Amino acid sequence: MVTPTTLGTGTTEHTRLGRVQYWLAVVFVVGWTGVVCGGLAVQFGTWDYPCPLCMVQRNFMTLAALGGAYIVAKGLRGTITRRDYMTGWGLAIVGCFGGGFAAWRQTMLHILPGDPGYGGTVLGLHLYVWALILFVAAIATIGVVLSFAHATAGETIPTGGVAARIGRLALWFCGLVIVINLVAVFLLEGLHWFLPDNPSCYQFFHDIGVIDGTCPVIE
């Protein structure tokens with residue numbers, strides 16, 4: 001006798017478990033986009049200009065979010081293949097690994113006793129230290145979920161209702177923040193090829209003459 005709690009094709013329990021990876025992908029999109037928003041809030045709220053390594057970490061956060069976005073976008077069509085899951089999580093893992101390495105690199109640059117670190121802190125830790133923690137945690141989470149892929153990788157996702165509405169909102173949120181971050185980088189870098197090691201102003205406004213003078217050099 002088949003009951004609603006039996007793990008089998010078409011049963012209630014299987015359907016719920018089969019959406020775990022879809023919802024994890026939504027969390028990845030919203031979560032990593034939210035982290036980038038946090039960096040933007042610090043940048044614009046406290047005038048704490050991000051350095052090149054900070055921007056590299058943001059870019060890898062965006063790649064991790066896009067990996068989740070790929071799965072969500074496929075799910076909104078109603079079906080997700082195993083290849084879609086592998087492609088999306090592959091992009092996310094590459095983003096988390098690359099971002100984790102960049103965050104580790106920046107942490108090591110400021111690990112000596114007495115080094116104040118770069119930028120401000122949140123709950124006693126610099127943003128790049130938090131980034132390292134989040135990247136490692138994200139990779140571990142993907143690994144755990146993929147270990148149960150036989151039950152969590154359902155190929156059918158409802159194209160309507162809450163799952164679809166939240167999925168679309170997550171994709172729009174991610175796209176909007178990507179655009180804002182690109183504008184922020186452009187304003188910092190200005191009409192130049194490289195971002196300074198220690199940015200001290202929004203170079204673009206100096207380049208076009210809106211603000212007179214040059215950015216102060218910070219060693």
Side-chain angles (χ1 to χ4, degrees), residues 21 23-72 88-146 170-171 173-189 194-203 218:
Q21 289 200 39
W23 286 113
L24 177 61
V26 172
V27 170
F28 252 68
V29 176
V30 176
W32 283 119
T33 304
V35 173
V36 174
C37 280
L40 290 169
V42 171
Q43 176 180 340
F44 293 118
T46 66
W47 298 97
D48 192 355
Y49 303 103
C51 66
L53 269 177
C54 299
M55 298 312 305
V56 168
Q57 291 165 59
R58 282 192 198 177
N59 291 338
F60 279 119
M61 290 172 183
T62 301
L63 179 59
L66 289 176
Y70 182 87
I71 295 175
V72 174
W89 291 131
L91 289 173
I93 290 174
V94 170
C96 291
F97 181 83
F101 180 80
W104 171 84
R105 169 62 176 164
Q106 191 167 10
T107 301
M108 292 299 102
L109 288 175
H110 302 286
I111 200 171
L112 293 177
D115 192 317
Y118 184 87
T121 61
V122 176
L123 298 178
L125 296 178
H126 289 279
L127 296 183
Y128 46 86
V129 178
W130 279 115
L132 177 59
I133 294 172
L134 291 175
F135 281 127
V136 173
I139 293 174
T141 301
I142 293 174
V144 171
V145 173
L146 290 182
L171 295 182
F173 178 44
C174 182
L176 177 62
V177 173
I178 288 175
V179 172
I180 294 173
N181 190 55
L182 288 174
V183 173
V185 175
F186 177 71
L187 295 179
L188 275 172
E189 189 171 325
F194 301 103
L195 184 67
D197 290 339
N198 296 293
S200 58
C201 70
Y202 290 99
Q203 182 65 47
I218 300 177

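Because the structure is a prediction, the values reported are computed rather than measured.
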| query | Is there a side-chain contact between Leu146 and Gln21 (heavy atoms, below 4.5 Å)? | reply | yes
| note | Nearest heavy-atom contact between Val29 and Ala170 is CG1-O, 3.3 Å
| field | Euclidean distance, Met61 CE relative to Cys37 SG, rounded to 0.5 Å | value | 11.5 Å
| said: Nearest 0.5 angstrom please: Leu109 CG to Leu53 CG, how far? | reply: 6.5 Å
| Euclidean distance, Leu187 CG relative to Leu182 CG, rounded to 0.5 Å | 11.0 Å
| field | Leu24 vs Phe28 side-chain heavy atoms within contact, under 4.5 Å | value | yes
| note | When every non-hydrogen atom of Thr46 is compared with those of Val42, the smallest separation belongs to OG1-O, 2.5 Å
| task | Locate the shortest heavy-atom distance separating Ala92 from Ile142; write the atom from each residue and the value. | result | CB-CD1, 4.0 Å
| Which heavy atom in Ala184 sits nearest to a heavy atom in Leu40, and how many Å separate them? | CB-CD2, 4.0 Å
| task | Decide yes or no for Gln106 and Gln57: does some side-chain heavy atom of the first lie under 4.5 Å from some side-chain heavy atom of the second? | result | yes
| task | Quick one: closest heavy-atom pair of Gly88 and Ile71, and the distance? | result | CA-CG1, 3.9 Å
| task | Apply the side chain to side chain contact (heavy atoms under 4.5 Å, CB included) test between Cys174 and each candidate in Thr33, Val179, Thr62; give the one that qualifies. | result | Thr33
| query | Taking everything shown except Phe173 itself, do over 12 heavy atoms lie less than 6.0 Å from its CZ? | reply | yes
| Can you check whether Val72 reaches Leu171 side chain to side chain, under 4.5 Å on heavy atoms? | yes
| query | Taking the six-membered ring for Trp, are the ring centroids of Phe135 and Trp32 within less than 6.0 Å of each other? | reply | yes
| request: Report yes if the side chains of Leu188 and Tyr49 come closer than 4.5 Å at any heavy-atom pair, otherwise no. | output: yes
| task | Enter the distance from Met108:CE to Leu132:CG here, rounded to the nearest 0.5 Å. | result | 8.0 Å
| message | A side-chain contact here means heavy atoms from C-beta on lying under 4.5 Å apart; do Asn59 and Asn181 qualify? | response | yes
